Number of protein chains: 2
Amino acid sequence: MTKKEELLQAAQNKVREGGYNNFSFRELAKEVGIKSASVHYHFPTKADLGAELAKQYTNNFILALGDVKTLHNAGHNPIAVFITQFKHALHHDKKMCLCGLLGAEADILPQPVRTEIKRFFTKNLDWLEQAYLYREPTNKRQAKQSAIQTISLLEGAMMISIASQDNSVFDNAIAGLADH
Amino acid sequence: MTKKEELLQAAQNKVREGGYNNFSFRELAKEVGIKSASVHYHFPTKADLGAELAKQYTNNFILALGDVKTLHNAGHNPIAVFITQFKHALHHDKKMCLCGLLGAEADILPQPVRTEIKRFFTKNLDWLEQAYLYREPTNKRQAKQSAIQTISLLEGAMMISIASQDNSVFDNAIAGLADH
DNA sequence: ATTAAACTATCTACTGATAGGCAGTATTGG
DNA sequence: CCAATACTGCCTATCAGTAGATAGTTTAAT
């Protein structure tokens, strides 16, 4: 892993714990073993770092989900896959969704970061809409609404689980969500 | 309004925009027209201020909801009332739920603040559980689950609406939620 | 006279950012 | 083939601004 990648990884952990203001160049530098001035070599400004962080997070997230059609044809339920990925983020990383937390504080984010956060949600909503269209006789309007409701429930349940320090909240919230 | 109340109000706005790290004693002081040192007179430490902020927010929120039984007997649907209060917070204040945002960054909050955030959710879940028990033949287990799902959906939808800078996301998410 | 609510002044620590230097590696032109 | 050049990735040193917090003082109302 290059120093740049290490910096992004360290930043991701910090942001997922306490938001955009919860990391500093000095802190990241110390964690990966370089000086804070060198972080500016890789990312000219903090906004640049934040934007790239959100961008890569989104890309990795969508990539990990895979293709809706492929999943469906292989006999998997895309919606269950989507839910599982959120569940994994909470249970494995024990941290909030990066874009969920940043989304909540969108008002104070530099524009480039805010743009990437928006992209996370449009990408995920498009994916979910497609997933719902592979189900039952559904029109586009209904699929869109189901997509919004599903991702809202997941982000909200994640948030409350972390606030409550109790993952059973999340498990309870998603019970029976995938199977109609 | 006393200076102390003004300070709490100013802090609430700041926190609901960008989280716990988005306000400073100097900023608050400037906004209400006193010196930063004087803020320490009202709130010895930042954690004290944060905890009282969350406490009052929770109390006001529950107070504004009213009593479930009373609402039900007056012919109102408590669940619809609950949803309306969230909707109002988003549409009127144009800001995230204080405890939603703070809940997401619970890992970095001073314990006294975290405790108050937890209380917000237990209070609201209890209220909602009661509300669901006034509906149809439902057992306690089902009512608890419905409560978690409802508040998760609301918090999540709020978050995504702010991230997307588009309130129609929220309206779409809550469509048909109150009426079974 | 006591007390509440503000003040002045100051401390240490941390913030993002910049200027300029210095090795090591690639690239390129004669 | 080799010297000149440029690039990469880091460094030291430093800046102005802001953070939370404290000690001690003044003001005004009870």
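Just so it is clear: chains get the letters A, B, ... in the order the sequence lines come, proteins before strands, and each one is counted from 1. Below, all heavy atoms of this structure are taken into account, side chains as well, without hydrogens, waters or symmetry copies. Treat the numbers as computed from the prediction; the structure is a model and nothing was measured.
In this structure, A:Phe86 has its ring center under 6.0 Å from that of A:Phe61.
The pair B:Lys144-B:Glu129 meets the salt-bridge criterion, since a charged nitrogen lies less than 4.0 angstrom from a carboxylate oxygen.
Side chain of B:Thr122 to main chain of B:Arg119: a donor-acceptor pair is present (N/O by atom type, distance under 3.5 Å, no hydrogens or angles).
OP1 or OP2 of D:dC10 has at least one side-chain nitrogen or oxygen of A:His42 nearer than 4.0 Å. Listed pair B:Tyr41 / C:dA6 fails the phosphate criterion, with no side-chain N or O lying under 4.0 Å from OP1 or OP2. Distances shorter than 4.0 Å separate none of the side-chain N or O atoms of B:Ser24 from OP1 or OP2 on D:dT18. Contact between the side-chain N/O atoms of A:Lys35 and the OP1/OP2 oxygens of D:dC10 is not found at any separation under 4.0 Å. Within the structure, every side-chain polar atom (N or O) of A:His40 is placed at least 4.0 Å from both OP1 and OP2 of D:dG9. Side-chain nitrogen and oxygen atoms of B:Ser38 include at least one within less than 4.0 Å of the OP1 or OP2 phosphate oxygen of C:dC7.
Under the 3.5 Å distance criterion, with hydrogens and angles disregarded, no donor-acceptor pair is assigned to the side chains of B:Asn73 and B:Thr70. Checked by atom type, the side-chain pair B:Gln12/B:Arg16 shows a donor-acceptor distance below 3.5 Å. A donor atom on one side chain and an acceptor atom on the other are not found under 3.5 Å apart for B:Lys69 and B:Gln130.
Between B:Lys14 atom NZ and D:dG20 atom C1' the separation is 17 Å, expressed in whole Å. In this entry the distance linking CD of A:Glu6 with P of D:dC10 reads 9 Å, nearest Å. Look at NZ on B:Lys46: it is 8 Å from C1' on D:dG20, rounded to the nearest Å. Separating the CG atom of B:Asn22 from the P atom of C:dT15 is a distance of 16 Å, rounded to the nearest angstrom. In this structure, CD of A:Glu27 is placed 15 Å from P of C:dA17, rounded to the nearest angstrom. As a whole-Å value, the separation of B:Asn21 CG from D:dA19 P is 11 Å. Here the C1' atom of nucleotide C:dA17 and the CG atom of A:Asp48 are 12 Å apart, to the nearest Å. In this structure, the NZ atom of B:Lys4 is 9 Å from the P atom of C:dA5, given to the nearest Å.
Among the protein residues, A:Phe43 comes within range of no part of the nucleic acid, since none of its heavy atoms lies under 4.0 Å from any strand.
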*Which dot-bracket string fits DNA chain D when only Watson-Crick or G-U wobble pairs with both atom distances under 3.5 Å count, crossing pairs get [ ], and | stands for a partner on a different strand?*
||||||||||||||||||||||||||||||
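Remark: of the listed residues B:Asp166, B:Asn172, B:Asp171, B:Asp166 is the sole one forming a side chain to side chain donor-acceptor pair (under 3.5 Å) with B:Ser168.
Checking D:dC11, C:dA17, D:dA21 against the side-chain heavy atoms of A:Arg26 singles out C:dA17 as nearest.
Heavy-atom nearest nucleotides on DNA chain D were determined for B:Phe25 and for A:Ala37, and the one closer to the 5' end corresponds to A:Ala37.
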